[in-house]
Amino acid sequence: MQMAHVLGVGAYGQVVKLGQYACKQCKVRNIREDIGGWTGVAREIHCGGFEHPHICKRYTLECQNFQMSIRMELGTPFDVMRAHPQKLLCEIGSALQFLHANGILHRDVKPDNIILVGGVHKLIDFGLARPHSKGTDCLSDYAITRFWRPPELLTGSETYDGKCDVWSLGVVYYHAVYKKKPFAGNAAQMMKAIRRFRPTGILQHLLVSADRRFTSDELMVHLGRTPFVRRVRLLSGGNHK
């Protein structure tokens, strides 16, 4: 029997190494008892599986006996303390622009959700991802791990867009450059630090209020990269049972 090595554990399951692949396993209970688990599974199915050079590739997807199993490409953990900041910004920025162009907010960009595959940064984990809101739809502010959460979510806003992901990427970029997180503490302490923060360089377009913050499209243009604009088929992932 093939032994599974645990690579990581999250709110909605764990990722294990199976041979040359990574496999995300999410087990749920009866939907009346575990609506959160079912929601996470639904988000993984609906919002993941895109073909993009900086999004983790999905090979198969199986659902059986209250358990979802996603077989993906295997990468190595991302070490933000040793990262090349500009390469990180360009590659994950490209992934976010592509997701936003296809109507998806990732909502949990942080070092733990980035891997390296052959030296290439790739975005993983779509358990908190969801489609853009439409019209007056409200979004939960229970998204994005706190230290990477933008001010509009720290203050409980129910309306936000892809710029929330751009802020989170800005925090990861800052960490890669300065070898420390820019903001920490509880929500009130973070808001106080954000108000006192004076960004320089590219951070003047990332770690600022939403009305002045770059969209992912604008970030790619600023970096001199051609944005992905073509919508593609969302991969079904192979086997559904």
Under 3.5 Å, is there a donor-acceptor pair between the side chain of Lys179 and the main chain of Met81?
-> yes
Short N-O contact, Glu152 and Lys163, less than 4.0 angstrom = no
What's the spacing between Phe214 CZ and Gln204 CD if we round to 0.5 Å?
-> 10.0 Å
Find out whether Leu219 and Leu169 are in side-chain contact, i.e. whether some heavy atom of one side chain is under 4.5 Å from a heavy atom of the other.
-> yes
Between Ser94 and the options His52, His121, Arg225, the side chain to side chain donor-acceptor pair (under 3.5 Å) test singles out His52
If you count the non-hydrogen atoms of other residues, nucleotides and ligands that lie under 6.0 Å from OH in Tyr178, is the total more than 12?
-> no
Does NZ in Lys180 sit with more than 12 non-hydrogen atoms of other residues, nucleotides or ligands closer than 6.0 Å?
-> no
With His100 as reference, evaluate Thr215, Asp217, Asp165 under the side chain to side chain donor-acceptor pair (under 3.5 Å) test and give the passing residue.
-> Asp165
Taking the side chain as C-beta and beyond, is there a heavy-atom pair between Met190 and Phe147 under 4.5 Å?
-> yes
Nearest heavy-atom pair of Val117 and Gly75: which atoms, and what distance?
-> CG2-CA, 3.9 Å
Taken to the nearest 0.5 Å, the spacing of Met191 CE from Arg196 CZ works out to 13.5 Å
Has the side chain of Asn113 got a donor or acceptor atom that lies under 3.5 Å from a matching backbone atom of Asp108?
-> yes
Please answer whether the main-chain N or O of Tyr59 pairs with a side-chain N or O of Arg71 as donor and acceptor at a distance below 3.5 Å.
-> no
Give a yes or no on whether the backbone of Gly185 and the side-chain of Arg146 come within a donor-acceptor separation of less than 3.5 Å.
-> yes
Taking every heavy atom of Val172 against every heavy atom of Pro111, the minimum-distance pair comes out as CG2-CD, 3.9 Å
Can you measure from CD1 (Ile55) to CD1 (Ile124) and round to the nearest 0.5 angstrom?
-> 12.0 Å
Trp167 ring center within less than 6.0 Å of Phe183 ring center | yes
Test item: Asn102 side-chain N/O and Ile104 main-chain N/O as donor-acceptor pair under 3.5 Å | no
What heavy-atom pair brings Ser168 and Val109 nearest, and what distance separates the two atoms?
-> CB-O, 3.4 Å
Checking side chain to side chain contact (heavy atoms under 4.5 Å, CB included) for the pair Lys24/Phe126: CA distance, chi angles, key distance, verdict?
-> CA-CA 11 Å; Lys24 183 161 188 176; Phe126 288 80; over 6 Å; no
Atom of Met220, atom of Leu89 and distance for their closest heavy-atom approach | CE-O, 4.3 Å
Could you give the distance from NE2 (His54) to CG (Leu123), rounded to the nearest 0.5 Å?
-> 11.0 Å
Mind checking whether Val120 and Leu99 sit in one hydrophobic cluster, side chains of I, L, V, M, F, W, Y counted as touching below 4.5 Å?
-> no
Distance (rounded to the nearest 0.5 Å) between Leu207 CG and Tyr173 OH = 10.5 Å
Checking Arg213 side chain against Val208 main chain: does a donor-acceptor pair fall under 3.5 Å?
-> yes
Under 3.5 Å, is there a donor-acceptor pair between the side chain of His106 and the main chain of Asp125?
-> yes
For Lys192, does the NZ atom have more than 12 heavy-atom neighbours from other residues, nucleotides or ligands under 6.0 Å away?
-> no
Looking only at non-hydrogen atoms, find the nearest pair between Lys110 and Thr145 and report the distance.
-> NZ-OG1, 2.7 Å
Spacing of His205 atom NE2 and Arg212 atom CZ [to the nearest 0.5 Å] | 10.0 Å
Nearest heavy-atom approach of Leu74 to Lys17 is CD2-CE, 3.7 Å
Is there a donor-acceptor pair under 3.5 Å between the side chain of Glu91 and the backbone N or O of Leu88?
-> no
Val166 and Ile114: same hydrophobic cluster, using ILVMFWY side-chain contacts below 4.5 Å?
-> yes
If you group Ile, Leu, Val, Met, Phe, Trp and Tyr by side-chain heavy-atom gaps below 4.5 Å, do Phe78 and Ile115 land in one group?
-> no
Is there a side chain to side chain contact (heavy atoms under 4.5 Å, CB included) between Leu203 and Val177 once you walk through the steps?
-> CA-CA 11 Å; Leu203 294 172; Val177 171; over 6 Å; no
